[in-house]
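In what follows, a single structure is set out as structure tokens and then discussed.
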Amino acid sequence: MQDLEIIAEYLPLIIPFMLMEMALLAYTIWHIVTHRNYKRGNRVMWMIIAIAGMQFIGPILYFVLGKEED
Amino acid sequence: MKKMMAFIKKEWMELKRGGKLVVSFIVFMLFAVLDAGIAKLTPVLFDLMADELADQGLNIIQTDVTAAQCWDQFNGNLLVLFIVFVIMFAGILVNEYQKGTLVLIVTKGMPRKGIYFAKLIMIVAVWTVNYAMMTALTWFYGDYYWDNSIMHHMFGAIMGIWLFGVMLCCLIMFFSTIVKGMSGVLLCIGGFAFTCSIIGFVPGVDKYLPTTLSDMMTVMRGGADISIPAIIICIVICVASTIGGNILIEKKVTL
């Protein structure tokens, strides 16, 4: 029961974090799907990296290393 | 005016498609949540470290967290945020020189002033919206977990930091008219900050430097008043760099 109270206390901090992660992940996946070519790697690889590292790391890696310059 | 509006629209599309709007929004929000989160977790972290610190002879008896810690984090992280912001938007004008896209627009009759102001308005708007969101979020957490009423000069301090950000935007645009590449802009801004910090070593000159506006920790804690000369000098730099940038972009031979 005490754990639940601790979670409830931190909930206002956790929710925006989750929202940000989800938003960034959704944006990254949208970007991967709508682009045909990447700086390196292919679509499947970037999808796996983005989803596996969804806690900011995957999307950041994609935008730094994978996003093609226009 | 009509031409400028069209250019602003183009800038908006560019920032949206390039992902800069989303990314900057998320970064600012992340900072706001982290400010409150780290302040909230401070006693927990101290508890975790208590054994280790006790070995070294440090005994932590009680850690009180107030809204002051939250705003301390806010101020402390601002420096990183400014660096991220400048890196993100330093290329707003110079990238177009390199791509050569401005030549077409200018030869079609777009005034150079229009380009300058459209871009300036766009980055100031991005900064303002993101900063307002970040401050509002920190304010909300400060009130939710603790009490903001113990802080001093909140409105003035928040507006001072905002003014510093606007000055950074003006400087990005001004330096973009002098140098050719993005690294040049970054170097110039870095040089400006470095010069300010060197001048800051002279005792008593602190209150005249615009960089004092970027750190409001003592003001928020009630240790000092907001320095009016720094605000005036900051506004003067904004106006002067905008006028100077307009003159320079008109005279620029290669766009």
*Go through the side-chain N and O atoms of T138(B) and W71(B) and say whether any donor and acceptor fall under 3.5 Å apart.*
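T138(B) vs W71(B): no donor-acceptor pair found between side chains.
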Contact part of [X] toward chain A, heavy-atom cut-off under 4.5 Å: side chain, backbone, both or neither?
| X | answer |
| --- | --- |
| F25(B) | neither |
| V27(B) | neither |
| L137(B) | neither |

*Close contacts, residues 32-41 of chain B versus chain A, judged by heavy atoms under 4.5 Å*: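 Heavy-atom contacts from residues 32-41 of chain B to chain A are V33(B), L34(B), A36(B), G37(B), K40(B), L41(B).
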*Under the ring-ring contact (aromatic ring centres under 6.0 Å, His included) criterion, do Y27(A) and F63(A) qualify, and how do the steps go?*
CA-CA 11 Å; Y27(A) 180 69; F63(A) 282 111; 5.6 Å; yes
*Measure up the F164(B) and F82(B) rings against each other and bin them: parallel (under 30°), tilted (30 to 60°), perpendicular (over 60°).*
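Perpendicular: the ring planes of F164(B) and F82(B) meet at over 60°.
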_Aromatic ring pairing H35(A)/H31(A), orientation class (parallel under 30°, perpendicular over 60°, tilted between)_ =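 If you compare the ring of H35(A) with that of H31(A), the planes turn out parallel.
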_If we ignore hydrogens and angles and just use 3.5 Å, is the side chain of K119(B) paired with the main-chain N or O of I92(B) as donor and acceptor?_
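At least one qualifying donor-acceptor pair exists.
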*asked:* Given the ring of Y62(A), does K39(A) sit roughly above its face, with NZ or CZ under 6.0 Å from the centre of the six-membered ring and within 45° of the axis?
replied: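 Judged by the rule (NZ or CZ under 6.0 Å from the ring centre, within 45° of its axis), K39(A) is not positioned above Y62(A).
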*Find out whether T66(B) and D147(B) are in side-chain contact, i.e. whether some heavy atom of one side chain is under 4.5 Å from a heavy atom of the other.*
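Side chain of T66(B) against side chain of D147(B), heavy atoms only: no contact under 4.5 Å found.
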